[in-house]
Amino acid sequence: MNNNRNNEEEAAGRQPAGRGLLGKFRKREDKTPPEILIKKENTDRFTPPRGGLILLQALILIFFFVFVPRFWFLQVHLGEDFARQAQENHWRQEQISAPRGRIFDVKGRVLADNRTAYGLSLIRDDIRDLPATLAQVSEWTGVPLDQVRERYRQSRFKVKSFEPLLLVTDLDFQLVARIESELYAWPGLEIVILTKRSYPEKDLFAHILGYVAEANETELEKNPELSMGDLVGKSGIEYTLDKRLRGRKGLYDIEVDASGRMLGQVLREEPQGGEELKLSLDRDIQKACWDALGTEVGSIVVMEPDTGKLRALVTEPAYDNNLFAEGISRRDWENLRNDPHFPLQNRAIQSVYPPGSVWKLVMAACIMENGIPVTDTVYCPGGIRLGKQIFHCWRHSGHGSQNLMQAIYNSCDSYFYIMADRLGIDKIESFAKQCGFGRRTGIDLPHEKTGLVPSRAWKHRRFKRGWSRGDTFNASIGQGYVLTTPLQIAVYVSALLNGGDLLKPQLVDTDPKTVTGHVPASRETLRYIMRRTAAGGTARVVGRGDAIMGGKTGTAQVVRLKGHRNLSWKEKDHAWIATWGHKNDKTYVVIVMVEHGGGGS
């Protein structure tokens, strides 16, 4: 009966009280999901696409044959290289400057020394802001920013990115202290310790020692051992013996962290200092010669005839070579360059002059060796006429009859005119060249001049004219086209004393004696000439009672003048004197040349 009632209520759309919600859940439970029917025959027939499987297999093979060998190549084959590069990133190498060899005189007194200096360098790998860093360097040092940038531009390809690049050298200590206090804010900048050259004797030895300066781009390209900021010789012994003086650099291994800060350093190779040179020059003799010249313009050479060692080599005026070692200012350079007396020129080897009557020592040997008897005489009336021209003797009243001994003693021009005319220029040229003239002496200094021994061929090349007898007359007394250096005269006079050996002038005391030629004359000829020079004559002013001495003076005409009054300095004749002396088992040759000195005697 109740079931019927429920059915009726359901049919009428009414729900019994308290059972509406439960009825809903029951209705949901009664709903079952529909079955998905898959025909068996369809399942049995499904297969994956064959082309996709092949593609997948191909990709796996490509990955294996491409990437796995590459991994092996990088990890195994190049593993050591990568490990080394990682170690190099952890360790840096820094060169240690080698001290330049000092230079001493023969008694051990310092002529060229080293001093400590400070520089400012940059490591590119550690720089955060390059333009700001270069600007800060300019502000600290006062060096114009454009100059700092140019220095960086020139140097950046010459050092590795993790090596110090030297921007500024020779900072004073107070500036170094200021920069050090601010370096923490500028990573990549560091103070480096350098050595600078100093010359305590200044201009006294300037032309012999020369000076050093930083290597330029050309020198850096030619020599791989050089780095930016290295000092090299630019002049004098510093230049010619630079390799011996420079030494060899050392090496530091420096450990750094990821920021480039140094954690420690290990010395890998110690620097080897350059050779210390002892020169043959004597500071006392050099100073005495310097004082003797005073304010004159000229040079003095003092040489040992038996060894070739130079005891003095003086040129005045000179310059302070410390100006170049420290970095010469534009004003100082202009003053030196525009000086009318040319203080940068080493007159002993770089200036050539007509030798005047000193040349008669060459002519005397040539006359004797060509068979002309020393007793043959020439009458000197005060000059020799050649065509319409008169070639005067220095003594206008004449010397009368003169043989070779008298002609050397009196320095008679007329005698040598006639004898040179008998010989001819060809024999004179050949003899003079065998005596070392017309070529360099070989001294260890740069830019030595050769001088000139004229010849027929030379005049034709130079002037497109033939040789004349008048040219021979002039050449016989050291005038005309004949040009020599004071050092060449010193070598020849030394040969007259030592038996005929032409010696290389030695500046380094330990260098061996070097014979470069021989005067083509017998010992009897040489002794005869030297006895005549010791007898007095025009060089009698050098005589003294406590020594055996001799010499020959010379006057080299600069311009042809009819009168000799009120001459300017440049119009005066050059003055020569070639002397020698022997005392206490020591023999020296002394050559003095004074520009526009007015006459040798």
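Remember, it's a predicted structure, so these values are computed and weren't measured experimentally.
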Asks: If you define the side chain from C-beta out and look only at heavy atoms, does anything of Pro520 sit under 4.5 Å from Cys435?
Replies: yes

Asks: If you look at every heavy atom in Leu445 and Ile237, which pair is closest and at what distance?
Replies: CD2-N, 3.7 Å

Asks: For the backbone of Asn335 and the side chain of Asp339, can you confirm whether one donor and one acceptor N or O come within less than 3.5 Å of each other?
Replies: no

Asks: Regarding Glu595 and Arg347, does a basic nitrogen lie under 4.0 Å from an acidic carboxylate oxygen?
Replies: yes

Asks: Which is it for Trp359 and Val482 under the side-chain contact (heavy atoms from CB on, under 4.5 Å) test, yes or no, and what are the steps along the way?
Replies: CA-CA 9 Å; Trp359 188 253; Val482 179; 4.1 Å; yes

Asks: Run the side-chain contact (heavy atoms from CB on, under 4.5 Å) check on Gln479 and Phe473 step by step: do they pass?
Replies: CA-CA 9 Å; Gln479 294 285 169; Phe473 277 27; over 6 Å; no

Asks: Of all heavy-atom pairs between Leu497 and Met530, which one has the smallest distance, and what is that distance?
Replies: CD2-CE, 3.7 Å

Asks: Main chain of Glu448, side chain of Arg440: is a donor-acceptor contact present, judged purely on distance under 3.5 Å?
Replies: yes

Asks: Quick check: does any side chain N or O of Trp576 sit under 3.5 Å from a backbone N or O of Pro354, one acting as donor and the other as acceptor?
Replies: yes

Asks: Once side-chain hydrogen bond (donor to acceptor under 3.5 Å, both in side chains) is applied, what residue pairs with a partner in residues 482-501 remain, sequence neighbours excluded?
Replies: Asp501-His518

Asks: Verify side-chain hydrogen bond (donor to acceptor under 3.5 Å, both in side chains) between Asn114 and Arg197, making sure each step is shown before the conclusion.
Replies: CA-CA 5 Å; Asn114 300 315; Arg197 206 61 157 167; 2.8 Å; yes

Asks: Between Arg153 and Glu150, does at least one N-O distance fall below 4.0 Å, as a salt bridge requires?
Replies: yes

Asks: Treating Thr516 as the side-chain partner and Leu502 as the backbone partner, does any N or O pair qualify as donor plus acceptor under 3.5 Å?
Replies: yes

Asks: How long is the straight-line distance from CG of Leu122 back to CG of Leu134, given to the nearest 0.5 Å?
Replies: 6.5 Å

Asks: How long is the straight-line distance from SG of Cys289 back to CZ of Arg311, given to the nearest 0.5 Å?
Replies: 13.0 Å

Asks: One thing to verify: whether Lys249 and Glu270 come together as a salt bridge, which I'm taking to mean a side-chain N less than 4.0 angstrom from a carboxylate O.
Replies: no

Asks: Please list all pairs passing the side-chain hydrogen bond (donor to acceptor under 3.5 Å, both in side chains) test where one or both residues lie in residues 282-302, with sequence neighbours left out.
Replies: Lys107-Asp282, Lys107-Asp284, Arg109-Asp282, Arg109-Asp284, Glu201-Arg283, Lys287-Asp291

Asks: Consider salt bridge (Lys or Arg N to Asp or Glu O under 4.0 Å). Of Arg100, Arg244, Lys243, which one does Glu275 pass it with?
Replies: Arg244

Asks: What distance do Leu120 atom CG and Thr141 atom OG1 have between them, rounded to the nearest 0.5 Å?
Replies: 7.5 Å

Asks: What's the spacing between Arg465 CZ and Arg456 CZ if we round to 0.5 Å?
Replies: 15.0 Å

Asks: Do side-chain atoms of Lys513 reach the backbone of Asp306 as a donor and acceptor pair under 3.5 angstrom?
Replies: yes

Asks: Nearest 0.5 Å, what's the CZ-OG1 distance between Arg115 and Thr195?
Replies: 9.5 Å

Asks: Counting C-beta onward and ignoring hydrogens, is there a side-chain heavy-atom pair between Leu279 and Asp105 closer than 4.5 Å?
Replies: no

Asks: Could you check if a side-chain atom of Leu526 sits within less than 4.5 angstrom of a side-chain atom of Val519, using non-hydrogen atoms only?
Replies: yes

Asks: Does Ser357 reach the side chain of Lys552, with side-chain heavy atoms less than 4.5 Å apart?
Replies: yes

Asks: Side chains of Thr315 and His207: is there a donor and an acceptor less than 3.5 Å apart?
Replies: no

Asks: If you look at every heavy atom in Gly119 and Leu171, which pair is closest and at what distance?
Replies: C-CD1, 4.0 Å

Asks: Is it the case that atom OH in Tyr239 sees more than 12 heavy atoms from other parts of the structure closer than 6.0 Å?
Replies: no

Asks: Okay, side chain of Asp203, backbone of Ala206: is any donor-acceptor separation there less than 3.5 Å?
Replies: no

Asks: What are the two closest heavy atoms between Phe391 and Gly470, and how far apart are they?
Replies: CZ-CA, 3.6 Å

Asks: Angle between ring planes, Phe324 versus Tyr211, binned at 30° and 60°: parallel, tilted or perpendicular?
Replies: parallel

Asks: Using a distance-only test with no angle check, is there a side-chain donor-acceptor pair under 3.5 angstrom linking Lys360 and Ser411?
Replies: yes

Asks: Keeping Asp471 on the side-chain end and Trp467 on the backbone end, is there a donor-acceptor pair under 3.5 Å?
Replies: no

Asks: Do Phe437 and Phe431 make a side-chain contact, defined as non-hydrogen atoms from C-beta onward lying under 4.5 Å apart?
Replies: no

Asks: If you look at every heavy atom in Thr579 and Ile591, which pair is closest and at what distance?
Replies: N-CD1, 4.3 Å

Asks: Check Thr441, Asp444, Asp511 against Lys504 for a side-chain hydrogen bond (donor to acceptor under 3.5 Å, both in side chains) and give me the one that passes.
Replies: Asp444

Asks: Is it the case that more than 12 heavy atoms not belonging to Phe463 sit under 6.0 Å from its CZ atom?
Replies: yes

Asks: Please determine whether salt bridge (Lys or Arg N to Asp or Glu O under 4.0 Å) holds for the pair Arg331 and Glu334, giving the CA-CA distance in whole Å, both sets of side-chain angles, and the decisive distance to 0.1 Å.
Replies: CA-CA 5 Å; Arg331 187 178 74 173; Glu334 292 295 332; over 6 Å; no

Asks: Test side-chain contact (heavy atoms from CB on, under 4.5 Å) on Val106 and Leu281; report intermediate values, then the result.
Replies: CA-CA 6 Å; Val106 71; Leu281 301 172; over 6 Å; no

Asks: Would you kindly say whether Tyr319 and Gln345 are connected by a side-chain donor-acceptor distance under 3.5 Å?
Replies: no

Asks: CD1 of Ile191: more than 12 outside heavy atoms within 6.0 angstrom?
Replies: yes

Asks: Looking only at atom types and distance, does a side-chain atom of Gln506 sit under 3.5 Å from a main-chain N or O of Pro512, one as donor and one as acceptor?
Replies: yes

Asks: Answer whether the closest heavy-atom distance between the side chains of Val358 and Thr553 falls below 4.5 Å.
Replies: no

Asks: Is any side-chain heavy atom of Leu194 closer than 4.5 Å to a side-chain heavy atom of Tyr118?
Replies: no

Asks: What are the two closest non-hydrogen atoms of Ala318 and Pro343, and how far apart are they?
Replies: O-CB, 3.4 Å

Asks: Is a side-chain donor-acceptor pair under 3.5 Å present for Glu221 with Thr218?
Replies: no

Asks: Which distance, rounded to the nearest 0.5 Å, do you find between the CG of Asp242 and the OG of Ser235?
Replies: 12.0 Å

Asks: Main chain of Lys572, side chain of His596: is a donor-acceptor contact present, judged purely on distance under 3.5 Å?
Replies: yes

Asks: Taking Leu310's backbone N and O only, do any of them form a donor-acceptor pair with Ser280's side chain (distance below 3.5 Å, no angle check)?
Replies: yes

Asks: Between Leu503 and Thr514, does the side-chain contact (heavy atoms from CB on, under 4.5 Å) criterion hold? Intermediate values first, please.
Replies: CA-CA 6 Å; Leu503 302 179; Thr514 303; over 6 Å; no

Asks: When you check the gap from the basic side-chain N to the acidic O, do Lys234 and Glu219 get nearer than 4.0 Å?
Replies: yes

Asks: Indicate yes or no: at least one non-hydrogen side-chain atom of Thr450 is less than 4.5 angstrom from one of Leu483.
Replies: no

